[in-house]
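Throughout, a chain's letter reflects where its sequence line sits, starting with A, and its residues are numbered from 1. Scope of the values below: all heavy atoms of this structure, side chains included, with no hydrogens, waters or symmetry mates.
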There are 2 protein chains.
Amino acid sequence: MKTTSTAPRAAKAATATATATALKLYVVLARAQRAIGERTQADLVPHGISITEFAIMEALYHKGPLLLGEVQRKILVSSGGITFLVDKLAERGYVERKLCATDRRARYAALTRKGTALMKEIFPGHAAAICEAMSVLTQAEQKEMTALLKRLGKAAAGRDDT
Amino acid sequence: MKTTSTAPRAAKAATATATATALKLYVVLARAQRAIGERTQADLVPHGISITEFAIMEALYHKGPLLLGEVQRKILVSSGGITFLVDKLAERGYVERKLCATDRRARYAALTRKGTALMKEIFPGHAAAICEAMSVLTQAEQKEMTALLKRLGKAAAGRDDT
DNA sequence: CGTCTTCATCTTAGTACTAAGATTAATCGG
DNA sequence: CCGATTAATCTTAGTACTAAGATGAAGACG
């Protein structure tokens with residue numbers, strides 16, 4: 001009798017705790033991401049580059065010229081957004097558009113010499129800042145966390161390919 | 001001799017790997033946060049509430065009336081932002097401003113009945129969505145990750161109180 | 001007590017991006 | 001081949017928030 005009368009309450013308490021755990025996890029996840037993002041953004045401010053602009057340049061720096069749609073999907077912005085951002089980077093001389101030989105609708109975005117020079121200048125510092133931010137964790141912790149976050153992110157994005 | 005000639009290269013390779021690990025961690029962190037955020041935002045869309053507006057209401061729902069500055073610091077928006085957002089919520093009837101008895105400059109934000117009713121309606125779903133998102137991890141994994149992320153976030157935010 | 005400094009909130013101008021839609025081109029299917 | 005559908009990028013109007021600054025009040029200090 002005592003067992004049955006406490007069981008529903010115990011189950012509710014366990015659910016409330018699990019909920020609190022999950023909610024707390026999301027809060028600290030969002031906070032960590034924001035804090036690290038703000039740190040890396042600080043290095044971009046002197047160059048007048050936004051985080052998203054930097055992400056575009058980073059993608060082009062590491063992958064070479066990409067179709068606008070490819071960049072868009074990599075950095076997760078809207079189609080109008082990629083046009084806007086590439087326009088801005090092009091105005092600054094960091095990026096240029098190139099024709100696609102096989103599809104007349106499409107355009108490649110590519111770093112200019114100036115853009116490449118800027119990336120050569122600021123990327124090492126960016127990488128160092130990220131490294132420093134993550135250095136409160138051991139390499140093993142970083143790797144484990146990467147695996148867990150990957151799982152989280154993929155599930156939340158609706159992709160279940162592990 | 002062989003040891004000394006490979007050591008500098010080995011050190012560089014280890015650094016490059018550590019860098020890659022850290023960079024990768026940040027990418028998956030940002031991706032996970034974004035994906036979960038987008039999932040929770042989907043539930044707010046029918047109510048015409050932005051994530052930040054929801055965050056304000058959530059804070060008031062759980063903590064009761066708060067000074068505008070307190071809300072601001074809790075949800076990490078600018079001072080102009082809190083004014084703007086509370087204005088909007090007030091227009092919708094979800095939040096009201098109240099005078100502070102001890103400081104004529106200050107204002108409290110409080111949920112209205114309508115606002116409280118809305119939170120009663122949507123918060124359980126929100127909590128469930130977060131729980132579901134986190135459910136790919138065990139409770140133990142969630143707790144461990146919370147601890148690691150807390151460390152990360154605090155260090156990045158320049159607060160070292162563990 | 002009076003002056004200077006700091007604080008709490010609001011105002012204003014501006015920006016980064018989105019959603020919705022338009023235009024042109026490519027693909028698909030009968 | 002042709003019409004319908006889909007795709008790639010651009011255009012436009014709009015929104016959510018920020019940075020900078022203003023205003024009035026409170027606190028600090030000599």
Sugar-phosphate only, base, or nothing, as touched by B/Ile82 at under 4.0 Å among non-hydrogen atoms: nothing
Nearest-Å distance for atom pair CG/C1', residues A/Leu99 and D/dC10: 15 Å
Under 3.5 Å donor-acceptor, B/Gln142 side chain and B/Met134 backbone: yes
Touch class at under 4.0 angstrom, heavy-atom based, for A/Gly69 against every strand present: sugar-phosphate
N/O donor-acceptor pair under 3.5 Å between A/Arg92 side chain and A/Gly48 backbone: yes
Rounded distance (Å) that lies between atom P of D/dC10 and atom CD of A/Glu91: 13 Å
D/dC10 base / A/Ser79 side chain donor-acceptor hit below 3.5 Å: yes
Selected nucleotide, minimal atom distance to A/Thr83 side chain, candidates C/dC17, D/dC10, C/dT9: D/dC10
First encountered from the 5' end of DNA chain D, between A/Gln72 and B/Glu53: A/Gln72
Separation of atom CG in B/Leu68 from atom C1' in C/dT11, rounded to whole Å: 14 Å
Phosphate-side-chain proximity, A/Thr52 and C/dA16, N/O vs OP1/OP2 below 4.0 Å: no
hbond_proxy B/Arg104 side chain to D/dA25 base (donor-acceptor, 3.5 Å cutoff): no
Salt bridge flag under 4.0 Å for residues A/Glu70 and A/Lys63: no
Whole angstrom value for the distance that separates P of D/dT18 from CG of A/Leu44: 18 Å
Whether B/Tyr61 and B/Phe123 hold their rings parallel, tilted or perpendicular, with breakpoints at 30° and 60°: tilted
Touch class at under 4.0 angstrom, heavy-atom based, for B/Arg97 against every strand present: sugar-phosphate
Main-chain N/O of B/Ala133 paired with B/Arg39 side-chain donor or acceptor, under 3.5 Å: no
Distance in angstrom units between A/Asp87 CG and D/dT9 C1', rounded: 11 Å
Sugar-phosphate, base or nothing in reach of B/Gly81, heavy atoms under 4.0 Å: base
Quiz item: A/Ser50 side-chain donor-acceptor pair to C/dC17 base, under 3.5 Å: no
Shortest side-chain distance from B/Arg107, nucleotide among C/dT9, C/dC17, D/dT9: C/dT9
Earlier contact from the 5' end, DNA chain C, for A/Ser78 and A/Thr102: A/Ser78
Touch class at under 4.0 angstrom, heavy-atom based, for B/Asp103 against every strand present: sugar-phosphate
B/Tyr108 OH to C/dA8 C1', straight-line distance once rounded to whole Å: 12 Å
Atom-to-atom span, CD1 of B/Ile49 to P of D/dA16 - whole angstrom: 11 Å
Nucleotide of D/dA16, D/dC10, C/dA16 approaching A/Lys88 most closely (side-chain heavy atoms): C/dA16
B/Leu85 CG to C/dT11 P, straight-line distance once rounded to whole Å: 14 Å
Pairwise side-chain contact, A/Glu53 with A/Met57, heavy-atom cut-off 4.5 Å (strictly under): no
Closest to side chain of B/Phe84, choosing from C/dA20, D/dA16, C/dC17: D/dA16
Donor-acceptor pair present, A/Arg105 side chain and C/dA25 base, under 3.5 Å: yes
